[in-house]
Amino acid sequence: IYSWRGLANLETGAYSKKMLSYIGIDESVLPPLKSPFDLAGVVTKEAAMKTGLSEGTKVYLGCNDYYAGLLGMGIVESNMLFDITGTSEHIGITTDKLSLDTKMVTGPYFVSNVHYGVTASGGTSLDFGIEKFGFKGIDAEKSILNDAPIFLPYLKGERAPIWDSGARGMF
């Protein structure tokens with residue numbers, strides 16, 4: 001269900017009848033929803049030959065890359081802060097209670113809930129820094145220890161949940 005955000009209600013573990021009705025999809029054509037921890041099957045002999053994985057290896061359903069990233073960071077309980085960065089950046093916190101009265105993205109996350117904001121300017125920020133400041137001779141560890149500037153990287157606007165194409169960054 002964690003890969004079906006939007007179509008599935010993560011609190012109930014069922015498809016959202018309202019959303020399916022809105023987009024005109026009959027639930028009968030969709031696969032059953034399962035937990036990320038459900039066993040999907042095992043690696044077949046044919047798949048083992050093609051992939052090099054051992055035949056019979058258990059395969060679990062898993063979840064989307066964002067939740068998998070949180071799990072990989074050890075974010076497994078409430079009141080944990082996180083910053084996942086890549087092509088987009090997710091900064092947030094896990095909490096005991098789901099709060100729908102927020103401008104942040106929010107939703108259930110395994111045994112807690114997540115609240116986070118997202119930027120989509122990781123690569124653009126890196127390009128900007130290299131263009132403006134160069135790269136040679138930079139000691140990242142020394143820079144961090146010497147009160148490095150805080151950079152809010154809205155170089156080309158901001159996306160969900162704000163959707164402000166005019167938002168701009170600052171140091």
Side-chain angles (χ1 to χ4, degrees), residues 1-25 27 30-38 60-133 140-141 143-171:
I1 63 172
Y2 286 90
S3 293
W4 288 84
R5 292 187 313 173
L7 285 183
N9 181 326
L10 299 181
E11 290 180 288
T12 65
Y15 284 112
S16 167
K17 294 189 184 316
K18 182 177 180 180
M19 180 59 77
L20 293 178
S21 173
Y22 179 76
I23 60 177
I25 293 179
E27 186 174 343
L30 298 173
L33 292 173
K34 301 284 186 176
S35 160
F37 305 105
D38 285 345
Y60 290 86
L61 294 177
C63 53
N64 63 29
D65 59 343
Y66 170 62
Y67 281 161
L70 288 175
L71 284 173
M73 291 173 53
I75 306 295
V76 293
E77 57 190 49
S78 290
N79 301 313
M80 296 184 82
L81 299 170
F82 58 85
D83 180 1
I84 295 179
T85 188
T87 54
S88 59
E89 186 167 15
H90 301 70
I91 300 172
I93 187 170
T94 55
T95 61
D96 289 327
K97 294 183 180 179
L98 183 66
S99 174
L100 299 177
D101 186 24
T102 179
K103 289 186 176 184
M104 297 178 74
V105 179
T106 186
Y109 169 71
F110 301 112
V111 297
S112 62
N113 301 283
V114 291
H115 302 279
Y116 60 95
V118 181
T119 68
S121 59
T124 304
S125 296
L126 183 58
D127 289 345
F128 173 82
I130 290 170
E131 177 186 321
K132 297 297 180 193
F133 307 112
E141 185 176 350
S143 295
I144 292 168
L145 295 174
N146 289 328
D147 297 321
I150 295 174
F151 174 50
L152 301 177
Y154 301 118
L155 298 175
K156 294 187 177 180
E158 172 56 340
R159 66 176 189 179
I162 300 165
W163 298 109
D164 183 352
S165 62
R168 292 296 177 256
M170 61 182 264
F171 284 93

Separation between CG (D83) and CD1 (I91), nearest 0.5 Å, reads 4.5 Å

**Message:** Surrounding OH of Y22 (heavy atoms of other residues, nucleotides or ligands, distance under 6.0 Å), is the total greater than 12?
**Reply:** no

Scanning both residues in full, the closest heavy-atom pair of Y15 with L30 reads OH-CB, 3.4 Å

To the nearest 0.5 Å, atom OG of S21 lies from atom CD of E27 at 11.5 Å

Next item on the list: Verify the distance criterion only: is there a donor paired with an acceptor across the side chains of H115 and T95 at less than 3.5 Å?
Entry: yes

Quiz item: Does the ring center of Y66 lie less than 6.0 Å from the ring center of Y109?
Solution: no

Subject >> Y67 side chain vs P36 backbone, donor-acceptor pair below 3.5 Å >> reply: no

**Asked** Heavy-atom distance under 4.5 Å between the side chains of F110 and L71, does that happen here?
**Response** yes

H90 and Y116 have their tightest heavy-atom pair at CD2-CE1, 3.5 Å

ask   = Any donor-acceptor pair under 3.5 Å linking the side chain of T106 with the backbone of V114?
value = yes

N113 backbone acceptor or donor facing T94 side chain under 3.5 Å = no

In this structure, CE of M80 is separated from CD1 of I75 (nearest 0.5 Å) by 4.0 Å

Of all heavy-atom pairs linking K34 and L61, the shortest is CB-CD1, 3.0 Å

#### Entry: M19 CE: over 12 foreign heavy atoms closer than 6.0 Å
no

query: If we only count heavy atoms from C-beta on, is the V111 to V76 side-chain gap below 4.5 Å?
result: no

